[in-house]
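Below: one structure, written as structure tokens.
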Amino acid sequence: MRPGLYAVGDGTQVYARTRLNDDGTYTDFTESMEPVGGGTWEVRDDLMCFDPEGDGDDQKERCWTVAPPDENGVIISSRVDKDETYAITPIEE
């Protein structure tokens with residue numbers, strides 16, 4: 001994945017939007033584009049890892065496998081330590 005704005009959902013419904021920045025930071029947004037969190041991101045081997053700001057249990061680093069985009073540009077991403085899978089769709093700006 002590259003820097004840009006992405007919709008995160010299950011393929012039919014969007015749960016959130018995430019902006020990946022060139023400097024290795026990211027911001028999560030609600031559907032109405034209100035910021036709700038962020039942190040840092042990086043690609044390690046075949047994994048994409050996110051480290052949210054803060055030290056709470058829900059703010060630990062998480063890594064995801066990232067499949068190549070399909071013909072519509074949708075990327076399927078699965079969390080490596082839990083059974084979670086999301087459809088990631090680039091949003092044109």
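Keep in mind that the numbers below use all heavy atoms, side chains included, and drop hydrogens, waters and symmetry copies.
Atom CD1 in I75 sits 5.5 Å away from atom OH in Y6 (nearest 0.5 Å). Atoms CD and OH, on E42 and Y26 in that order, are 12.0 Å from each other to the nearest 0.5 Å. Atom CG of L47 sits about 7.5 Å away from atom OG1 of T65, to the nearest 0.5 Å. Atoms CG and CZ, from D28 and R19 in turn, are 11.5 Å apart once rounded to the nearest 0.5 Å. For the atom pair R62 CZ and E84 CD, the distance stands at 7.0 Å (nearest 0.5 Å). Between T18 atom OG1 and Y86 atom OH the span is 10.5 Å, to the nearest 0.5 Å.
Within the 4.5 Å cutoff, the side chain of V8 has no heavy atoms near those of the R17 side chain. Contact check for V80 versus W64: no side-chain heavy atoms found under the 4.5 Å cut-off. Within the 4.5 Å cutoff, the side chain of R2 has no heavy atoms near those of the V43 side chain. Taking the side chain as every heavy atom from C-beta outward, N21 and P3 never approach each other to under 4.5 Å. Between F50 and L20, the closest side-chain pair of non-hydrogen atoms falls below 4.5 Å.
A single hydrophobic cluster is seen to contain both I91 and M33, as judged by linkage of ILVMFWY side chains at heavy-atom distances under 4.5 Å, directly or through other members.
There is a side-chain donor-acceptor pair under 3.5 Å between S78 and T85.
Checked by atom type and distance alone, the side chain of D10 pairs as donor or acceptor with a backbone atom of T12 at under 3.5 Å. A donor-acceptor pair under 3.5 Å is formed between the side chain of Q59 and the backbone N or O of E53.
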field: Step-by-step side-chain contact (heavy atoms from CB on, under 4.5 Å) determination, V66 to M1
entry: CA-CA 8 Å; V66 180; M1 290 178 51; 4.0 Å; yes

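The number of heavy atoms from other shown groups lying within 6.0 Å of CG (D55) does not exceed 12. Counting non-hydrogen atoms of other residues, nucleotides and ligands closer than 6.0 Å to CG of D70 gives a total above 12.
Across all their heavy atoms, G73 and P90 have their closest contact at O-CD, 3.2 Å.
Checked for salt-bridge contact, D58 and K60 miss the test: no charged N lies under 4.0 Å from a carboxylate O. E61 has a carboxylate O that lies under 4.0 Å from a charged side-chain N of R44, or vice versa, which qualifies the two as a salt bridge.
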